Amino acid sequence: RLLEDCSDIYVVWKEKKSRRDFVTRESRKLADLYSQLSQHPRCYFPGFEASPSEVIALSDLVISFPFTSTTVEAVCAGTRGMYYDAPGKFVGAYYDRIPGFVAHGYQQLYALVRDLLYKMDEDAYRQFLQRHIREHLDPFLDGRALSRFRALLAGQAVDDSLWPAAVES
């Protein structure tokens, strides 16, 4: 629907796993929907093997299902990103504290995509990152938040190169 409503956007749809792994009736229906969507002239499926970091690097905006690490990785590296809660199951979740970060339902998705892509310039987005993302996701905004977090979760020593010497204000 977003592709039809926004004739000037292109979508790269990064699948998390192979469609061969879809074995339930619901997952087979999803695989069929993906096959149909992949026929859209402005939608590209690079395959589940594609690097999420590479997809993020070429993107103007990253939209993820709540609350995958892909969007966190994107915004902490300075790429515009948001979560899309299509069924509205996550209203009031932690990330709702960040204005304009979670869309619940299609109308909010459409409005937020338009705002992020066409109304918010680079300076305004940097201010958004400083004001909201720094507080809630990563005080460094250097693109290494997930590496630090994974190392900490695994109980590993975090390489000093992952910790900036000083936090810019």
Side-chain angles (χ1 to χ4, degrees), residues 1-3 5-6 8-17 43-46 48 50-169:
R1 184 170 172 190
L2 191 63
L3 281 164
D5 290 346
C6 301
D8 55 346
I9 67 167
Y10 291 81
V11 171
V12 177
W13 193 286
K14 168 64 177 87
E15 297 169 88
K16 188 170 184 148
K17 59 185 176 179
C43 187
Y44 174 65
F45 281 73
F48 76 97
S51 163
S53 297
E54 291 175 0
V55 174
I56 290 169
L58 65 85
S59 299
D60 294 321
L61 173 62
V62 172
I63 304 171
S64 302
F65 182 80
F67 292 100
T68 66
S69 61
T70 306
T71 291
V72 172
E73 181 179 350
V75 297
C76 291
T79 298
R80 296 167 196 237
M82 60 175 284
Y83 288 116
Y84 178 40
D85 173 23
K89 289 174 39 177
F90 301 104
V91 174
Y94 176 79
Y95 290 122
D96 267 341
R97 296 177 186 178
I98 304 170
F101 194 54
V102 182
H104 304 285
Y106 182 74
Q107 293 305 319
Q108 286 183 3
L109 171 72
Y110 178 80
L112 194 50
V113 165
R114 301 302 292 178
D115 286 349
L116 286 168
L117 289 178
Y118 303 109
K119 294 181 181 174
M120 186 178 288
D121 64 20
E122 290 300 317
D123 287 337
Y125 193 69
R126 277 195 295 280
Q127 289 174 17
F128 166 80
L129 294 174
Q130 294 295 325
R131 189 175 307 120
H132 300 290
I133 299 304
R134 243 185 167 168
E135 174 186 351
H136 293 283
L137 297 179
D138 179 22
F140 304 113
L141 296 177
D142 62 357
R144 295 177 169 189
L146 289 178
S147 297
R148 283 189 291 274
F149 184 62
R150 287 182 183 127
L152 290 170
L153 282 178
Q156 301 169 347
V158 180
D159 181 340
D160 285 342
S161 68
L162 295 176
W163 298 103
V167 178
E168 293 180 33
S169 51

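All of these numbers come straight from a predicted model, not from anything done at the bench. Hydrogens, waters and symmetry mates play no part in the numbers below; they use all other heavy atoms, side chains included.
Annotation: side chain of Y125 is in contact with side chain of R80 (closest heavy-atom distance under 4.5 Å). Within the 4.5 Å cutoff, the side chain of Y84 has no heavy atoms near those of the L112 side chain. For the pair D96 and F90, the minimum side-chain heavy-atom distance is 4.5 Å or more. I9 has its side chain within reach of L3: a pair of non-hydrogen atoms, C-beta onward, lies under 4.5 Å apart.
Aromatic ring orientation, F67 versus Y95: tilted (interplanar angle from 30° to 60°).
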Audit row: L109, I63, side chain to side chain contact (heavy atoms under 4.5 Å, CB included) steps and yes/no | CA-CA 9 Å; L109 171 72; I63 304 171; 4.1 Å; yes
Does the side chain to side chain contact (heavy atoms under 4.5 Å, CB included) test come out yes or no for F65 and T70, once each step is laid out?
-> CA-CA 9 Å; F65 182 80; T70 306; over 6 Å; no
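Residues satisfying the salt bridge (charged side-chain N to carboxylate O under 4.0 Å, His left out) criterion with D138, sequence neighbours excluded, are R148. Every residue meeting the salt bridge (charged side-chain N to carboxylate O under 4.0 Å, His left out) condition with D8, not counting sequence neighbours, appears here in chain and number order: R114. Listed by chain and number, the residues in a salt bridge (charged side-chain N to carboxylate O under 4.0 Å, His left out) with K89 amount to none (sequence neighbours excluded).
The number of heavy-atom neighbours closer than 6.0 Å to CG of D60, taken from other residues, nucleotides and ligands shown, is 12 or below.
Looking at Q108, its side chain does come within 3.5 Å of a backbone N or O of H104 through a donor-acceptor pair. Checking side-chain atoms of K14 against main-chain N and O of F48 turns up a donor-acceptor pair under 3.5 Å. A donor-acceptor pair is defined here as one N or O able to donate and one able to accept, closer than 3.5 Å; no such pair exists between the side chain of R97 and the backbone of H136. Put simply, the side chain of S59 never gets that close to the backbone of V62: no donor and acceptor are under 3.5 Å apart.
Atoms CG and OG1, on L129 and T79 in that order, are 9.5 Å from each other to the nearest 0.5 Å. Within the model, atoms SG of C43 and CG of L2 stand 10.5 Å from one another, a figure rounded to the nearest 0.5 Å. Considering NZ of K16 and OG1 of T68, their distance stands at 7.0 Å, rounded to 0.5 Å. Remark: Q130 CD to H132 NE2 distance equals 11.0 Å, nearest 0.5 Å. One distance of note links OH of Y110 with SG of C6; it measures 5.0 Å at 0.5 Å rounding. We find the CZ-CD1 distance between R131 and I98 to be 13.0 Å, quoted to the nearest 0.5 Å.
Residues P46 and V55 share a closest heavy-atom pair of CG-CG2, 4.5 Å. The two atoms that bring I133 and C76 nearest to each other are CG2-SG, 4.3 Å, heavy atoms only. The minimum heavy-atom distance linking F128 with P99 is given by the pair CE1-O, 3.1 Å. Counting all heavy atoms, side chain and backbone alike, R134 lies closest to P139 at NE-O, 2.8 Å. The shortest non-hydrogen separation linking D5 to Y106 is OD2-OH, 2.6 Å.
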